[in-house]
K.L.:
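I have a structure I would like to understand better, so I am pasting it below and will then ask my questions one at a time.
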Amino acid sequence: DAKRVLEARPELIRIGITGSYGKTSTKFILTAILSEKYSVLPTPSSFNTPMGLTKVIRTQLEPHHQVFIAEMGARHAGDIRELCELVRPEYGVLTSVGEQHLETMGDIETIANTKFELIEGLKPGGAAFFGADDGGWCDKLFARARCEKYRAGLGSGYLSMYAEDITAGPNGSRFTLSDGEGGRVQCETKLLGRHNIQNIVLSCAVAKRLGMTMEEIARGVSRAQPVEHRLQLIEGANG
């Protein structure tokens, strides 16, 4: 039934997000940014299984939605391939590859290959986005990808989108966002931590590919909210 719902919406932009960590934060950051231009439906909280995505598609996807963002989790090889068969994403975002789920996958290479199922499952003409990790597994998978692809991260170094001049204060973080083509804009965010800046920049690369201006992207960055209980800024009684 969920497949039929999606097949009836060929114009719907579909984005899959996976990674050992950062999936949920990146999903909500990307939603905040894309909402400057599009009507966006993300899967809620950490819904990232076939049944979770099916429930969202059947009960929450409305005709006005232009973008569907699906978080994709995996505990076993083949899990993400199954999700791609359901969603058929055009765009894939790989946030990270780490040692989560070693108990079910056995080794880090199997984890990396499982995450790469998202990239292999993209529709023809789609694009993949990778969080740069200084020669780690994300960079290795970027090199393996044969589709249109982008890397994003902190500092330059042949990246499609990157953050520089990062500063952090009691109210969040500031940085300069560059698109590698001469476009630059100042960004402010309530989010804390260099890992969140990485997640933001990765989301910005997707937004740029979907036609948003650097100014629209910066406005969206300023509206991104922390995921509850994850480095969440909480104002005290005395401010």
K.L.:
Regarding Arg174 and Thr167, do their side chains bring together a donor and an acceptor under 3.5 Å, going by distance alone?
P.N.:
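Per modelled atom types, Arg174 and Thr167 side chains form no pair under 3.5 Å.
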K.L.:
To the nearest 0.5 Å, how far apart are OG in Ser222 and CD1 in Ile33?
P.N.:
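If we round to the nearest 0.5 Å, Ser222:OG and Ile33:CD1 are 9.5 Å apart.
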K.L.:
Ignoring hydrogens, what is the shortest heavy-atom contact between Thr54 and Ala2? Give both atom names and the distance.
P.N.:
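Minimum heavy-atom contact is CG2-CB, 3.8 Å.
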K.L.:
State whether the side chain of Asp79 and the backbone N or O of His76 hold a donor-acceptor pair below 3.5 Å, judged by distance alone.
P.N.:
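Yes: the side chain of Asp79 pairs with the backbone of His76.
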K.L.:
My understanding is that only residues two or more places apart in sequence, or in another chain, count here; which of them pass salt bridge (charged side-chain N to carboxylate O under 4.0 Å, His left out) with Lys208?
P.N.:
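Applying salt bridge (charged side-chain N to carboxylate O under 4.0 Å, His left out) to Lys208 gives Asp179, Glu181.
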K.L.:
Quick one: does any side-chain atom of Arg184 pair with a main-chain N or O of Gly182 as donor and acceptor, under 3.5 Å?
P.N.:
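Flag not set: sc Arg184 to bb Gly182 has no pair under 3.5 Å.
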K.L.:
Which value, rounded to the nearest 0.5 Å, describes the distance between Ile29 atom CD1 and Ser203 atom OG?
P.N.:
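Output value for this atom pair is 5.0 Å.
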K.L.:
Determine yes or no for a side-chain-to-main-chain donor-acceptor pair under 3.5 angstrom, with Lys149 supplying the side chain and Phe142 the backbone.
P.N.:
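Yes.
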K.L.:
What residue pairs, at least two apart or across chains, pass salt bridge (charged side-chain N to carboxylate O under 4.0 Å, His left out) with a residue in residues 15-30?
P.N.:
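For residues 15-30: Lys27-Glu71.
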K.L.:
Can you list the steps and then say if Lys190 with Gln225 is a side chain to side chain contact (heavy atoms under 4.5 Å, CB included)?
P.N.:
CA-CA 7 Å; Lys190 297 182 180 71; Gln225 298 294 320; 3.6 Å; yes
K.L.:
Quick check for you: to the nearest 0.5 Å, what is the distance between Thr18 atom OG1 and Leu83 atom CG?
P.N.:
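Going from the OG1 atom of Thr18 to the CG atom of Leu83 covers 8.5 Å.
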K.L.:
How long is the span from the CD1 atom in Ile197 to the CG atom in Leu192, to the nearest 0.5 Å?
P.N.:
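CG of Leu192 is found 8.5 Å from CD1 of Ile197.
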K.L.:
Quick one, Met212 and Cys204 - any side-chain contact, counting heavy atoms below 4.5 Å?
P.N.:
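Not touching, per the 4.5 Å side-chain cut-off.
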K.L.:
Between Leu177 and Tyr162, is any pair of side-chain heavy atoms under 4.5 Å apart?
P.N.:
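Not touching, per the 4.5 Å side-chain cut-off.
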K.L.:
Answer yes or no: is there a side-chain heavy-atom contact under 4.5 Å between Lys115 and Ser96?
P.N.:
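Side-chain contact under 4.5 Å: no.
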K.L.:
Looking at every heavy atom in both Ile80 and Gly73, which two are closest together, and how far apart are they?
P.N.:
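Shortest heavy-atom separation between Ile80 and Gly73 comes out as CG1-O, 4.0 Å.
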K.L.:
Has the side chain of Ser173 got a donor or acceptor atom that lies under 3.5 Å from a matching backbone atom of Leu191?
P.N.:
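Yes: the side chain of Ser173 pairs with the backbone of Leu191.
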K.L.:
Would you please name every residue forming a salt bridge (charged side-chain N to carboxylate O under 4.0 Å, His left out) with Arg209, sequence neighbours left out?
P.N.:
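Here the qualifying residues are Glu148.
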K.L.:
Could you tell me if Thr110 and Asp107 have a donor-acceptor pair between their side chains, going purely by distance under 3.5 Å?
P.N.:
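On atom types as modelled, these side chains qualify, holding a pair under 3.5 Å.
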K.L.:
Of all residues at least two apart in sequence or in a different chain, which pass the side chain to side chain contact (heavy atoms under 4.5 Å, CB included) check with Gln66?
P.N.:
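Here the qualifying residues are Tyr38, Ser39.
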K.L.:
Can you name the residues that form a salt bridge (charged side-chain N to carboxylate O under 4.0 Å, His left out) with Glu82, not counting sequence neighbours?
P.N.:
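Residues passing salt bridge (charged side-chain N to carboxylate O under 4.0 Å, His left out) with Glu82: none at all.
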K.L.:
For a side chain to side chain contact (heavy atoms under 4.5 Å, CB included) check, start with the C-alpha distance between Leu154 and Ile166, then their side-chain angles and the critical distance, and finish with the verdict.
P.N.:
CA-CA 9 Å; Leu154 310 181; Ile166 301 169; 3.9 Å; yes
K.L.:
Mind listing the side-chain donor-acceptor pairs of residues 5-17 below 3.5 Å, one per line with the distance, residues two or more places apart or on another chain?
P.N.:
residue : atom : partner : partner atom : Å
Arg9    : NE   : Glu11   : OE2          : 2.5
Arg9    : NH1  : Glu62   : O            : 3.1
Arg9    : NH2  : Glu11   : OE2          : 3.0
Arg9    : NH2  : His65   : O            : 2.5
Arg14   : NH1  : Val87   : O            : 3.1
Arg14   : NH2  : Leu6    : O            : 2.7
Arg14   : NH2  : Arg9    : O            : 3.0

K.L.:
Report yes if the side chains of Leu118 and Leu94 come closer than 4.5 Å at any heavy-atom pair, otherwise no.
P.N.:
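No. Closest side-chain heavy atoms not under 4.5 Å.
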K.L.:
Between Ile57 and Leu61, which heavy-atom pair has the shortest distance, and what is it?
P.N.:
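Closest heavy-atom pair between Ile57 and Leu61: O-CB, 3.5 Å.
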K.L.:
Among residues at least two apart in sequence or on other chains, which ones pass side chain to side chain contact (heavy atoms under 4.5 Å, CB included) with Asp133?
P.N.:
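Asp133: side chain to side chain contact (heavy atoms under 4.5 Å, CB included) contacts with Cys138, Asp139.
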K.L.:
Hey, is the main chain of Gly78 close enough, under 3.5 Å, to the side chain of Glu117 for a donor-acceptor pair?
P.N.:
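Yes, Glu117 side chain to Gly78 backbone: donor-acceptor pair under 3.5 Å.
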K.L.:
Restricting to side chain to side chain contact (heavy atoms under 4.5 Å, CB included), what partner residues turn up for Gln60, sequence neighbours left out?
P.N.:
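Here the qualifying residues are Leu41, Pro44, Val56.
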K.L.:
According to a hydrophobic-cluster definition based on side-chain heavy atoms being under 4.5 Å apart (Ile, Leu, Val, Met, Phe, Trp, Tyr only), do Phe28 and Leu30 belong together?
P.N.:
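No, Phe28 and Leu30 fall in different hydrophobic clusters.
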K.L.:
Under the salt bridge (charged side-chain N to carboxylate O under 4.0 Å, His left out) test, which residues partner Arg194, sequence neighbours left out?
P.N.:
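Applying salt bridge (charged side-chain N to carboxylate O under 4.0 Å, His left out) to Arg194 gives none.
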K.L.:
Can you give me the closest heavy-atom contact between Gly155 and Leu159, atom names plus distance?
P.N.:
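Reported closest heavy-atom pair: O-CD1, 3.2 Å.
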K.L.:
Determine whether Ser160 and Arg151 satisfy the following criterion, side chain to side chain donor-acceptor pair (under 3.5 Å), listing intermediate values before the conclusion.
P.N.:
CA-CA 6 Å; Ser160 305; Arg151 284 171 70 236; over 6 Å; no
K.L.:
I need the Phe130 CZ to Phe116 CZ distance, nearest 0.5 Å.
P.N.:
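So the CZ of Phe130 and the CZ of Phe116 are separated by 5.5 Å.
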K.L.:
What distance do Leu122 atom CG and Arg88 atom CZ have between them, rounded to the nearest 0.5 Å?
P.N.:
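Answer rounded to 0.5 Å: 10.5 Å.
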K.L.:
Might you confirm whether atom NZ of Lys140 has over 12 heavy atoms from other residues, nucleotides or ligands at distances under 6.0 Å?
P.N.:
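Result for NZ/Lys140: enclosed.
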K.L.:
Side chains of Ile108 and Ile111: does their closest heavy-atom pair fall under 4.5 Å?
P.N.:
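They are in contact (side-chain heavy atoms under 4.5 Å apart), so the answer is yes.
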K.L.:
Applying the 4.5 Å side-chain criterion to the ILVMFWY set and letting contacts propagate, would Val93 and Ile200 be lumped into a single cluster?
P.N.:
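Hydrophobic grouping puts Val93 with Ile200.
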K.L.:
So which atom in Gly131 and which in Leu202 form the shortest heavy-atom distance, rounded to 0.1 Å?
P.N.:
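Here Gly131 and Leu202 meet closest at N-CD1, 3.8 Å.
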K.L.:
Among the clusters formed by ILVMFWY side chains lying less than 4.5 Å apart, do Leu53 and Val40 turn up in the same one?
P.N.:
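They do not share one cluster, since no chain of ILVMFWY contacts under 4.5 Å joins Leu53 to Val40.
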K.L.:
Within the 4.5 Å heavy-atom criterion, are Val185 and Cys187 side-chain neighbours or not?
P.N.:
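A side-chain contact under 4.5 Å exists here.
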K.L.:
With a 4.5 Å cut-off on side-chain heavy-atom distances among I, L, V, M, F, W and Y, is there a chain of contacts connecting Ile217 to Ile69?
P.N.:
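Yes, it is one cluster - the side chains of Ile217 and Ile69 are joined through contacts under 4.5 Å.
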K.L.:
Looking only at heavy atoms, which two atoms of Thr43 and Ala70 are closest? And how far apart?
P.N.:
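That would be CG2-CA, 4.0 Å.
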K.L.:
Among residues at least two apart in sequence or on other chains, which ones pass side chain to side chain donor-acceptor pair (under 3.5 Å) with Asp165?
P.N.:
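In terms of side chain to side chain donor-acceptor pair (under 3.5 Å), with neighbours along the sequence ignored, Asp165 is linked to Thr176.
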K.L.:
Who pairs with Phe129 by ring pair (Phe, Tyr, Trp, His ring centres under 6.0 Å), at least two apart in sequence or on another chain?
P.N.:
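Checked Phe129 against ring pair (Phe, Tyr, Trp, His ring centres under 6.0 Å); matches are Tyr150.
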K.L.:
Under 4.0 Å between a side-chain nitrogen and a carboxylate oxygen: does that hold for Arg219 and Glu36?
P.N.:
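Looking at Arg219 and Glu36, the cut-off is met.
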K.L.:
Not counting sequence neighbours, which residues clear ring pair (Phe, Tyr, Trp, His ring centres under 6.0 Å) with Phe47? List them please.
P.N.:
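Expected list: none.
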